[in-house]
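To start, the structure itself, in structure tokens.
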Number of protein chains: 2
Amino acid sequence: MARNKAFDPEERLEKARDLFWERGYHATSMQDLVEAMQLNRASIYDTYGDKHALFLQCLGNYATDKREEYKAAAAGALSSIDAVEAIIRKALERTLQEGKACMVVKSSFELAETDKEVNSILKNDGDRLNDILEVLLMKAQSAGEISKDRDVKMLASYIIANFSGLWQTYIISKNEKLVTQMAEFLIQVIRQ
Amino acid sequence: MARNKAFDPEERLEKARDLFWERGYHATSMQDLVEAMQLNRASIYDTYGDKHALFLQCLGNYATDKREEYKAAAAGALSSIDAVEAIIRKALERTLQEGKACMVVKSSFELAETDKEVNSILKNDGDRLNDILEVLLMKAQSAGEISKDRDVKMLASYIIANFSGLWQTYIISKNEKLVTQMAEFLIQVIRQ
DNA sequence: TCATATTTGGAACAATCGTTCCATTATTGT
DNA sequence: ACAATAATGGAACGATTGTTCCAAATATGA
């Protein structure tokens, strides 16, 4: 009986995600979203809820997507330590090529200090990425690829934390060579 | 002939700075500033210019202040490498004690990608802090405290980049022990 | 003491914010 | 073909945005 949606909610969510990603939460207005998503106001509210709910969906969607990208990058590696290196190289590649800093990092600093729901999404995402790296580092340890006395949990967090630094450095300096050297240095630190 | 200002512009600028620091630029309204600074709207516009100009002054002021704090932390050290360590420990201390992430880092992610003036202030601040660390690392190299084949320019940038990571990790995890371990690990990496 | 200059408080501005509502349009299953 | 249902377009909401303006208050140097 009922009429169907004339648009793909998932596809339009990506349009919103890209805008939030670029401008941040507060600098993005509903009017901007109406234009970017090419959707009526009412359709947005009806499908996704209010601005905040829409943002949370965008952020969750984004975090999962990027985690999959890291997984995919790691999957092609021949050894565990190579997989870790591939993830770091993926972060470097993203820094240099995506044209805007990671939405997870941007949202951490714009919102996560005050917004519990945002914090929870980001914590969950961080934990999952941490798990991925921790498993790889443990395997690398078992295979003798890295030292036994490394704290792999801490090392996984350290690697992820370094990604924030790559983005911050690139935003300010736009120095590709420098950021590349920093990523190479991190890889070298992890391998030894 | 003329009447004098009934307030200390520098002191009230700090009030504004603290609010911008806590909430970010877009989430802070002029009404918020009027209340926090305990100043009339007209007085704010007359003394500092518009919201954006006020923010730039706050950010510049903040960056200089924090750079002085790092310098002061380094000044007490017995050797160059100890001075570098002291700066890293200062960043750790700030992360754990200030209750909000560094305004420089927050502003990098909220504004520096689109706002040229903000970017310029942050670039200048980054360069100056880089200089401080670079000089210390060079001296440490001459003194044989760190290896000769380290690229000190890159290493200085790497240290600063790590600060972003400390803040991001602490915002999301609130894990003091973890962040402390990460800072200790960085120190260890630099020293060897 | 007094004219002068500037601060001050608060009203008011137009523009935009996020959100809601409703009449209209369109598509569905029967 | 038809009644039912949901999407659609757009007006409209009150609240808040950043900013300007002006009359009143106030402290200044001569």
Side-chain angles (χ1 to χ4, degrees), chain A residues 1-60 106-107 110-111 114-118 121, chain B residues 1-60 106-107 110-111 114-118 121:
Chain A
M1 290 204 243
R3 182 176 164 188
N4 285 337
K5 279 194 201 302
F7 62 92
D8 176 9
E10 204 65 30
E11 171 209 324
R12 301 301 171 101
L13 191 68
E14 279 185 37
K15 302 270 186 190
R17 192 196 66 177
D18 287 347
L19 201 65
F20 275 132
W21 180 6
E22 188 185 320
R23 303 194 189 172
Y25 179 74
H26 286 110
T28 305
S29 71
M30 284 305 296
Q31 185 57 39
D32 295 333
L33 290 163
V34 165
E35 287 161 21
M37 298 172 84
Q38 296 189 70
L39 234 52
N40 189 268
R41 289 184 130 68
S43 300
I44 297 178
Y45 278 88
D46 203 55
T47 310
Y48 309 97
D50 64 14
K51 185 189 176 188
H52 191 256
L54 173 60
F55 179 80
L56 294 180
Q57 290 164 68
C58 290
L59 185 60
K106 291 177 81 167
S107 302
E110 191 196 349
L111 302 168
T114 50
D115 190 317
K116 285 186 180 182
E117 292 170 294
V118 167
I121 289 172
Chain B
M1 290 203 241
R3 183 177 164 188
N4 284 338
K5 277 194 203 302
F7 62 93
D8 176 8
E10 204 65 31
E11 171 210 326
R12 301 300 172 102
L13 192 68
E14 280 185 37
K15 302 271 186 190
R17 191 196 67 176
D18 287 347
L19 202 65
F20 276 133
W21 182 5
E22 188 185 320
R23 303 195 188 170
Y25 179 74
H26 286 109
T28 304
S29 72
M30 284 305 295
Q31 186 56 40
D32 295 332
L33 290 163
V34 166
E35 287 160 22
M37 299 171 83
Q38 296 190 75
L39 235 50
N40 190 268
R41 288 184 131 68
S43 300
I44 296 177
Y45 278 87
D46 202 56
T47 310
Y48 309 97
D50 65 13
K51 185 189 176 187
H52 191 255
L54 174 59
F55 179 80
L56 295 180
Q57 290 165 69
C58 289
L59 184 61
K106 292 177 78 167
S107 301
E110 191 197 348
L111 302 168
T114 51
D115 190 317
K116 284 186 181 180
E117 292 170 293
V118 167
I121 289 173

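A note on names: the letters A, B, ... follow the listed sequences, proteins ahead of strands, and every chain is numbered from 1.
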Mark yes or no for a side-chain to base donor-acceptor pair under 3.5 Å between B/Arg41 and D/dT20, with no hydrogen or angle criteria applied.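 Answer no: no donor N or O sits under 3.5 Å from an acceptor.
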
Please list residues of residues 46-54 of chain A whose heavy atoms come under 4.0 Å from any atom in DNA chain C, ordered by number; otherwise none.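 Going residue by residue through residues 46-54 of chain A, the ones with a heavy atom under 4.0 Å of DNA chain C turn out to be A/Asp50, A/Lys51.
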
So if I take residues 28-35 of chain A and measure heavy-atom distances to DNA chain C, which residues fall below 4.0 Å?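 Correct list: A/Thr28, A/Ser29, A/Met30.
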
For B/His26, is there any backbone N or O sitting under 3.5 Å from a side-chain donor or acceptor partner on B/Glu110?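 Yes, the answer is positive, given that a donor and an acceptor are paired below the 3.5 Å cut-off.
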
Short of 4.0 Å, heavy atom to strand atom, which residues of residues 17-27 of chain B count as contacting DNA chain D?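 Going residue by residue through residues 17-27 of chain B, none turns out to have a heavy atom under 4.0 Å of DNA chain D.
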
If you measure from OG1 on B/Thr114 to CD on A/Glu22, what distance do you get to the nearest 0.5 Å?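 That separation rounds to 8.5 Å.
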
Point-to-point distance, once rounded to the nearest 0.5 Å, from CE of B/Met30 to CE of B/Met37: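 B/Met30 CE to B/Met37 CE: 8.0 Å, rounded to 0.5 Å.
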
How long is the line joining [atom1] of [X] and [atom2] of [N], in whole Å?
{"X": "B/Asn40", "N": "C/dT8", "atom1": "CG", "atom2": "C1'", "result": "6 Å"}
{"X": "B/Arg12", "N": "C/dT7", "atom1": "CZ", "atom2": "P", "result": "14 Å"}
{"X": "A/Met37", "N": "D/dG9", "atom1": "CE", "atom2": "C1'", "result": "16 Å"}
{"X": "A/Tyr45", "N": "D/dA7", "atom1": "OH", "atom2": "P", "result": "17 Å"}
{"X": "A/Leu39", "N": "D/dT8", "atom1": "CG", "atom2": "P", "result": "6 Å"}

Between C/dT8 and B/Ser43, is there an OP1 or OP2 to side-chain N/O distance shorter than 4.0 Å?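 Affirmative; the distance criterion is met.
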
For A/Gln31, all residues meeting side-chain contact (heavy atoms from CB on, under 4.5 Å), sequence neighbours excluded: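 Partners of A/Gln31 by the side-chain contact (heavy atoms from CB on, under 4.5 Å) criterion, ordered by chain and then number, come out as A/Ser29, A/Glu35, A/Arg41.
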
Which pairs would a plain distance check flag for residues 45-59 of chain B, meaning a side-chain donor or acceptor within less than 3.5 Å of a matching protein atom at least two apart in sequence or in another chain?
from, atom 1, to, atom 2, distance (Å)
B/Thr47, OG1, B/Lys5, NZ, 3.3
B/Thr47, OG1, B/Ser43, O, 2.6
B/Tyr48, OH, B/Pro9, O, 2.7
B/Asp50, OD1, B/His52, N, 3.3
B/Asp50, OD1, B/Ala53, N, 2.9
B/Lys51, NZ, B/Tyr25, O, 3.2
B/Lys51, NZ, B/Thr28, O, 2.7
B/His52, NE2, B/Asp115, OD2, 2.5
B/Gln57, NE2, B/Tyr48, O, 2.8
B/Gln57, NE2, B/Ala53, O, 3.1

Within 6.0 Å of CD in B/Glu11, more than 12 heavy atoms from elsewhere: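 Enclosed.
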
Which pairs of donor and acceptor atoms, one on a side chain in residues 13-21 of chain B, lie under 3.5 Å apart (sequence neighbours left out)?
from, atom 1, to, atom 2, distance (Å)
B/Arg17, NH1, B/Asn61, OD1, 3.4
B/Arg17, NH1, B/Asp65, OD2, 3.1
B/Trp21, NE1, B/Ala101, O, 2.7

